[in-house]
Amino acid sequence: MSTRKKQATPAGTDVPRHIAIIMDGNGRWAKRRLMPRVAGHRKGVEALRGVIRACAERGVSHLTVFAFSSENWRRPQEEVTLLMELFMRALENEVARLHENGIRFRVIGDLSGFSERIQTLIRDAEALTRGNTRLTFTVAANYGGRWDIVQAMKKLMAAGVSPDEVDEAALAQKLSIADMPEPDLFIRTGGEQRISNFLLWQLAYTELYFTDALWPDFDPAALDEAIASYRTRERRFGRTSEQVRSAS
Ligand code: IPE
Ligand code: IPE
Ligand code: MG
(Lines give C-alpha, C1' and ligand atoms only; values in the text may rest on other atoms or scores of the structure.)
(Ligands and ions follow the chains in the order given, each with its own letter.)
Protein backbone atom coordinates (compact mmCIF):
# COMPACT_ATOMS: atom_id res chain seq x y z
CA MET A 1 0.00 0.00 0.00
CA SER A 2 1.37 3.38 -0.93
CA THR A 3 1.99 6.01 1.72
CA ARG A 4 -0.40 8.90 1.40
CA LYS A 5 1.31 12.21 1.10
CA LYS A 6 0.64 14.75 3.80
CA GLN A 7 -1.98 17.23 2.67
CA ALA A 8 -1.97 20.91 3.55
CA THR A 9 -4.67 21.75 6.08
CA PRO A 10 -6.90 24.76 5.39
CA ALA A 11 -6.67 27.51 8.01
CA GLY A 12 -9.70 28.17 10.23
CA THR A 13 -10.66 31.77 11.03
CA ASP A 14 -12.64 33.52 13.75
CA VAL A 15 -14.95 35.32 11.35
CA PRO A 16 -16.01 33.02 8.53
CA ARG A 17 -14.50 34.23 5.26
CA HIS A 18 -17.30 32.69 3.27
CA ILE A 19 -20.89 32.11 4.41
CA ALA A 20 -23.32 30.11 2.24
CA ILE A 21 -27.04 30.33 2.99
CA ILE A 22 -30.15 28.43 1.93
CA MET A 23 -32.83 31.05 2.49
CA ASP A 24 -35.80 28.80 3.19
CA GLY A 25 -39.19 29.34 4.80
CA ASN A 26 -40.63 32.31 2.89
CA GLY A 27 -43.79 30.44 1.94
CA ARG A 28 -44.49 29.28 5.49
CA TRP A 29 -43.82 32.76 6.84
CA ALA A 30 -46.56 34.11 4.54
CA LYS A 31 -48.95 31.23 5.17
CA ARG A 32 -48.84 31.84 8.92
CA ARG A 33 -50.02 35.35 8.23
CA LEU A 34 -52.68 34.20 5.78
CA MET A 35 -50.81 36.03 3.04
CA PRO A 36 -49.91 34.80 -0.48
CA ARG A 37 -46.53 33.03 -0.73
CA VAL A 38 -45.07 35.87 -2.79
CA ALA A 39 -45.48 38.20 0.22
CA GLY A 40 -43.00 35.93 2.00
CA HIS A 41 -40.57 36.16 -0.90
CA ARG A 42 -40.86 39.97 -0.83
CA LYS A 43 -40.13 40.00 2.88
CA GLY A 44 -37.26 37.62 2.18
CA VAL A 45 -35.59 40.21 -0.04
CA GLU A 46 -35.68 42.65 2.91
CA ALA A 47 -34.10 40.09 5.21
CA LEU A 48 -31.38 39.51 2.63
CA ARG A 49 -30.62 43.24 2.51
CA GLY A 50 -29.97 43.20 6.27
CA VAL A 51 -27.82 40.09 6.12
CA ILE A 52 -25.67 41.48 3.27
CA ARG A 53 -25.04 44.66 5.25
CA ALA A 54 -24.25 42.70 8.42
CA CYS A 55 -21.79 40.43 6.59
CA ALA A 56 -19.96 43.45 5.16
CA GLU A 57 -19.79 45.07 8.60
CA ARG A 58 -18.46 41.93 10.23
CA GLY A 59 -15.67 41.46 7.72
CA VAL A 60 -17.06 38.41 5.93
CA SER A 61 -15.52 38.53 2.46
CA HIS A 62 -17.90 36.18 0.59
CA LEU A 63 -21.64 35.59 0.94
CA THR A 64 -23.34 33.09 -1.36
CA VAL A 65 -27.10 32.60 -1.21
CA PHE A 66 -29.45 30.08 -2.81
CA ALA A 67 -32.29 32.06 -4.39
CA PHE A 68 -33.74 29.62 -6.93
CA SER A 69 -32.77 25.99 -7.41
CA SER A 70 -32.84 24.06 -10.66
CA GLU A 71 -35.66 22.08 -9.01
CA ASN A 72 -37.75 25.17 -8.17
CA TRP A 73 -39.11 25.23 -11.78
CA ARG A 74 -41.37 22.44 -10.51
CA ARG A 75 -43.37 24.96 -8.50
CA PRO A 76 -46.74 26.25 -9.71
CA GLN A 77 -46.29 28.42 -12.81
CA GLU A 78 -47.77 31.43 -11.04
CA GLU A 79 -45.20 31.30 -8.23
CA VAL A 80 -42.32 30.85 -10.69
CA THR A 81 -43.49 33.89 -12.68
CA LEU A 82 -43.79 36.02 -9.53
CA LEU A 83 -40.33 34.91 -8.37
CA MET A 84 -38.83 35.91 -11.73
CA GLU A 85 -40.51 39.33 -11.51
CA LEU A 86 -39.18 39.78 -8.00
CA PHE A 87 -35.68 38.78 -9.11
CA MET A 88 -35.84 41.26 -11.97
CA ARG A 89 -37.07 44.08 -9.76
CA ALA A 90 -34.36 43.35 -7.20
CA LEU A 91 -31.73 43.49 -9.96
CA GLU A 92 -33.11 46.82 -11.15
CA ASN A 93 -33.40 48.40 -7.71
CA GLU A 94 -30.68 46.98 -5.50
CA VAL A 95 -27.54 46.83 -7.61
CA ALA A 96 -26.71 50.55 -7.39
CA ARG A 97 -26.81 50.35 -3.61
CA LEU A 98 -24.56 47.28 -3.57
CA HIS A 99 -22.11 49.13 -5.79
CA GLU A 100 -22.13 52.22 -3.53
CA ASN A 101 -21.23 49.96 -0.64
CA GLY A 102 -18.25 48.41 -2.38
CA ILE A 103 -19.95 45.06 -2.90
CA ARG A 104 -19.23 42.84 -5.87
CA PHE A 105 -22.30 41.09 -7.28
CA ARG A 106 -22.24 37.76 -9.05
CA VAL A 107 -24.72 35.15 -10.19
CA ILE A 108 -24.00 31.45 -10.57
CA GLY A 109 -26.22 28.87 -12.22
CA ASP A 110 -27.51 28.04 -15.68
CA LEU A 111 -28.45 31.53 -16.81
CA SER A 112 -29.81 30.30 -20.14
CA GLY A 113 -33.00 29.40 -18.22
CA PHE A 114 -33.78 33.08 -17.64
CA SER A 115 -35.34 35.73 -19.89
CA GLU A 116 -33.07 37.90 -22.06
CA ARG A 117 -33.95 40.88 -19.89
CA ILE A 118 -32.81 39.15 -16.69
CA GLN A 119 -29.63 37.86 -18.35
CA THR A 120 -28.77 41.40 -19.49
CA LEU A 121 -29.42 42.85 -16.02
CA ILE A 122 -27.16 40.19 -14.51
CA ARG A 123 -24.33 40.83 -16.98
CA ASP A 124 -24.55 44.60 -16.46
CA ALA A 125 -24.57 44.28 -12.66
CA GLU A 126 -21.58 41.94 -12.72
CA ALA A 127 -19.65 44.29 -15.01
CA LEU A 128 -20.51 47.36 -12.91
CA THR A 129 -19.37 45.83 -9.63
CA ARG A 130 -16.42 43.78 -10.90
CA GLY A 131 -13.77 45.94 -9.22
CA ASN A 132 -15.38 45.94 -5.75
CA THR A 133 -13.53 44.08 -3.04
CA ARG A 134 -15.29 44.65 0.30
CA LEU A 135 -17.70 41.73 0.00
CA THR A 136 -18.47 39.41 -2.88
CA PHE A 137 -22.19 38.69 -2.85
CA THR A 138 -23.14 35.74 -5.05
CA VAL A 139 -26.67 34.64 -5.89
CA ALA A 140 -27.19 31.03 -6.96
CA ALA A 141 -30.09 31.10 -9.43
CA ASN A 142 -31.21 28.15 -11.54
CA TYR A 143 -28.30 26.54 -9.75
CA GLY A 144 -27.78 22.92 -8.74
CA GLY A 145 -24.68 21.38 -7.19
CA ARG A 146 -24.87 18.42 -9.59
CA TRP A 147 -25.22 20.76 -12.57
CA ASP A 148 -22.10 22.58 -11.38
CA ILE A 149 -20.01 19.39 -11.25
CA VAL A 150 -21.27 18.29 -14.66
CA GLN A 151 -20.53 21.65 -16.30
CA ALA A 152 -17.03 21.59 -14.76
CA MET A 153 -16.46 18.09 -16.19
CA LYS A 154 -17.66 19.23 -19.61
CA LYS A 155 -15.18 22.13 -19.54
CA LEU A 156 -12.32 19.76 -18.75
CA MET A 157 -13.31 17.44 -21.58
CA ALA A 158 -13.73 20.33 -24.02
CA ALA A 159 -10.19 21.46 -23.12
CA GLY A 160 -8.94 18.00 -24.08
CA VAL A 161 -7.75 17.10 -20.59
CA SER A 162 -6.90 13.40 -20.42
CA PRO A 163 -8.27 11.13 -17.65
CA ASP A 164 -4.79 10.91 -16.04
CA GLU A 165 -4.73 14.67 -15.64
CA VAL A 166 -8.13 14.85 -13.94
CA ASP A 167 -7.74 15.29 -10.21
CA GLU A 168 -9.63 17.17 -7.50
CA ALA A 169 -7.76 20.41 -8.11
CA ALA A 170 -8.34 20.28 -11.86
CA LEU A 171 -12.07 19.73 -11.44
CA ALA A 172 -12.40 22.30 -8.64
CA GLN A 173 -10.86 24.95 -10.92
CA LYS A 174 -13.77 24.62 -13.32
CA LEU A 175 -16.55 24.95 -10.75
CA SER A 176 -18.68 28.10 -10.61
CA ILE A 177 -16.98 29.73 -7.64
CA ALA A 178 -13.51 28.30 -8.18
CA ASP A 179 -11.81 31.57 -7.29
CA MET A 180 -13.39 31.82 -3.82
CA PRO A 181 -12.40 30.16 -0.55
CA GLU A 182 -14.74 27.23 0.18
CA PRO A 183 -17.60 28.17 2.54
CA ASP A 184 -16.58 28.09 6.22
CA LEU A 185 -20.16 28.30 7.44
CA PHE A 186 -23.38 27.01 5.87
CA ILE A 187 -26.70 28.25 7.22
CA ARG A 188 -30.13 26.87 6.38
CA THR A 189 -33.20 28.59 7.76
CA GLY A 190 -36.71 27.13 7.80
CA GLY A 191 -36.06 24.02 9.91
CA GLU A 192 -35.19 21.55 7.13
CA GLN A 193 -31.89 19.73 7.57
CA ARG A 194 -30.79 19.05 4.03
CA ILE A 195 -28.56 20.50 1.32
CA SER A 196 -31.20 20.46 -1.47
CA ASN A 197 -28.56 20.28 -4.23
CA PHE A 198 -26.78 23.50 -3.20
CA LEU A 199 -22.96 23.65 -3.33
CA LEU A 200 -22.30 19.91 -3.11
CA TRP A 201 -18.58 19.89 -3.86
CA GLN A 202 -17.68 23.08 -1.99
CA LEU A 203 -19.50 22.11 1.25
CA ALA A 204 -17.33 19.03 1.83
CA TYR A 205 -15.70 20.49 4.97
CA THR A 206 -18.05 23.38 5.78
CA GLU A 207 -19.54 23.75 9.27
CA LEU A 208 -23.31 23.24 9.01
CA TYR A 209 -25.83 25.32 10.95
CA PHE A 210 -29.58 24.73 10.84
CA THR A 211 -32.16 27.02 12.41
CA ASP A 212 -35.97 26.88 12.66
CA ALA A 213 -36.16 30.63 12.03
CA LEU A 214 -37.99 31.32 8.78
CA TRP A 215 -35.92 33.32 6.29
CA PRO A 216 -37.97 36.59 6.48
CA ASP A 217 -37.32 36.59 10.26
CA PHE A 218 -33.58 35.98 9.93
CA ASP A 219 -31.95 39.24 11.04
CA PRO A 220 -28.38 40.32 11.88
CA ALA A 221 -28.82 39.06 15.47
CA ALA A 222 -29.70 35.62 14.11
CA LEU A 223 -26.64 35.80 11.87
CA ASP A 224 -24.51 36.57 14.91
CA GLU A 225 -25.90 33.47 16.65
CA ALA A 226 -24.86 31.37 13.69
CA ILE A 227 -21.37 32.90 13.70
CA ALA A 228 -21.12 32.32 17.47
CA SER A 229 -21.98 28.65 16.92
CA TYR A 230 -19.35 28.48 14.18
CA ARG A 231 -16.74 29.85 16.59
CA THR A 232 -17.32 26.96 19.00
CA ARG A 233 -16.58 24.35 16.32
CA GLU A 234 -13.25 22.60 16.20
CA ARG A 235 -12.31 22.31 12.54
CA ARG A 236 -10.12 19.25 12.38
CA PHE A 237 -10.00 18.62 8.60
CA GLY A 238 -9.22 14.98 9.30
CA ARG A 239 -6.66 15.50 12.06
CA THR A 240 -6.99 14.64 15.75
CA SER A 241 -8.04 17.16 18.36
CA GLU A 242 -4.53 17.05 19.89
CA GLN A 243 -2.94 17.93 16.55
CA VAL A 244 -5.30 20.87 16.10
CA ARG A 245 -4.46 22.24 19.55
CA SER A 246 -0.71 21.90 19.20
CA ALA A 247 -0.82 23.58 15.78
CA SER A 248 -2.64 26.67 17.10
C1 IPE B 1 -37.41 29.73 -0.06
O2 IPE B 1 -38.65 29.74 0.57
C3 IPE B 1 -37.40 30.55 -1.31
C4 IPE B 1 -37.35 29.78 -2.56
C5 IPE B 1 -37.18 28.51 -2.67
C6 IPE B 1 -37.49 30.54 -3.79
P7 IPE B 1 -39.77 28.69 0.17
O8 IPE B 1 -40.61 29.28 -0.89
O9 IPE B 1 -39.20 27.37 -0.12
O10 IPE B 1 -40.61 28.64 1.54
P11 IPE B 1 -41.26 27.36 2.20
O12 IPE B 1 -40.18 26.34 2.37
O13 IPE B 1 -42.34 26.91 1.29
O14 IPE B 1 -41.77 27.88 3.51
C1 IPE C 1 -34.00 25.24 -1.42
O2 IPE C 1 -35.27 25.45 -0.89
C3 IPE C 1 -33.73 26.22 -2.51
C4 IPE C 1 -33.81 27.63 -2.13
C5 IPE C 1 -33.92 28.16 -0.95
C6 IPE C 1 -33.72 28.52 -3.26
P7 IPE C 1 -36.50 24.51 -1.25
O8 IPE C 1 -37.63 24.94 -0.39
O9 IPE C 1 -36.74 24.51 -2.72
O10 IPE C 1 -35.95 23.07 -0.82
P11 IPE C 1 -36.70 21.69 -0.58
O12 IPE C 1 -37.51 21.41 -1.79
O13 IPE C 1 -37.57 21.86 0.64
O14 IPE C 1 -35.60 20.71 -0.34
MG1 MG D 1 -38.78 25.71 1.00
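Indexing begins at 1, ligand by ligand and atom by atom, following the structure's order.
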Item to check | Atom indices of ligand 1 within 4.0 angstrom of Ala67 heavy atoms, with elements | outcome: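 Every atom of ligand 1 under 4.0 Å from some heavy atom of Ala67: 6 (C).
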Next on the checklist: Using a 4.0 Å cut-off to any heavy atom of Arg28, which atoms of ligand 1 qualify?
Outcome noted: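 Ligand 1 atoms under the 4.0 Å threshold to Arg28: 11 (P), 12 (O), 14 (O).
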Heteroatom proximity flag, [X] to ligand 1, N/O under 3.5 Å:
X: Trp29; value: no
X: Gly27; value: yes
X: Asn72; value: no

Between [X] (side chain) and [Y] (backbone), is there a donor-acceptor pair under 3.5 Å?
X: Asp217; Y: Ala213; result: no
X: Asp148; Y: Leu175; result: no
X: Asn101; Y: Arg97; result: yes
X: Asn26; Y: Trp215; result: no

Starting from [atom], what is the nearest protein heavy atom, named by residue and atom, and what distance separates them?
atom: atom 1 (C) of ligand 1; result: Met23 O, 3.0 Å
atom: atom 13 (O) of ligand 1; result: Arg37 NH2, 2.9 Å
atom: atom 7 (P) of ligand 1; result: Asp24 OD1, 3.5 Å
atom: atom 14 (O) of ligand 2; result: Ser196 OG, 2.6 Å
atom: atom 4 (C) of ligand 2; result: Phe66 O, 3.9 Å

Checklist entry - Are there more than 12 heavy atoms of other residues, nucleotides or ligands under 6.0 Å from atom NZ of Lys155? => result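 Above 12, so yes.
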Checklist entry - Would you call the rings of Phe186 and Phe210 parallel, tilted or perpendicular if under 30° counts as parallel and over 60° as perpendicular? => result perpendicular
Checklist entry - Can you say whether the rings of Tyr143 and Phe66 are parallel (under 30°), tilted (30 to 60°) or perpendicular (over 60°)? => result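 Tyr143 vs Phe66 ring planes: perpendicular.
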Next on the checklist: Looking at ligand 2, would Arg188 count as a contact under a 4.0 Å heavy-atom criterion?
Outcome noted: yes
Next on the checklist: Measuring from non-hydrogen atoms of Arg75 to any atom of ligand 2, is the shortest distance under 4.0 Å?
Outcome noted: yes
Checklist entry - Would you call Lys43 and Glu46 a salt bridge, taking side-chain N to carboxylate O under 4.0 Å as the test? => result yes
Please confirm whether [X] comes under 4.0 Å of ligand 1, counting heavy atoms of the residue only.
X: Gly190; value: no
X: Glu192; value: no
X: Ser69; value: no

Next on the checklist: Quick check for you: to the nearest 0.5 Å, what is the distance between Leu82 atom CG and Arg37 atom CZ?
Outcome noted: 11.0 Å
Checklist outcome for this item: Separation between CG (Leu214) and CE (Met23), nearest 0.5 Å, reads 14.0 Å
Closer than 4.0 Å to some heavy atom of [X] - which atoms of ligand 2 meet that?
X: Phe68; value: 6 (C)
X: Ile22; value: 1 (C), 5 (C)
X: Arg194; value: 11 (P), 13 (O), 14 (O)

Checklist entry - Cationic tip of Arg32 within the cone over Trp29's six-membered ring, i.e. under 6.0 Å and within 45° of the normal? => result no
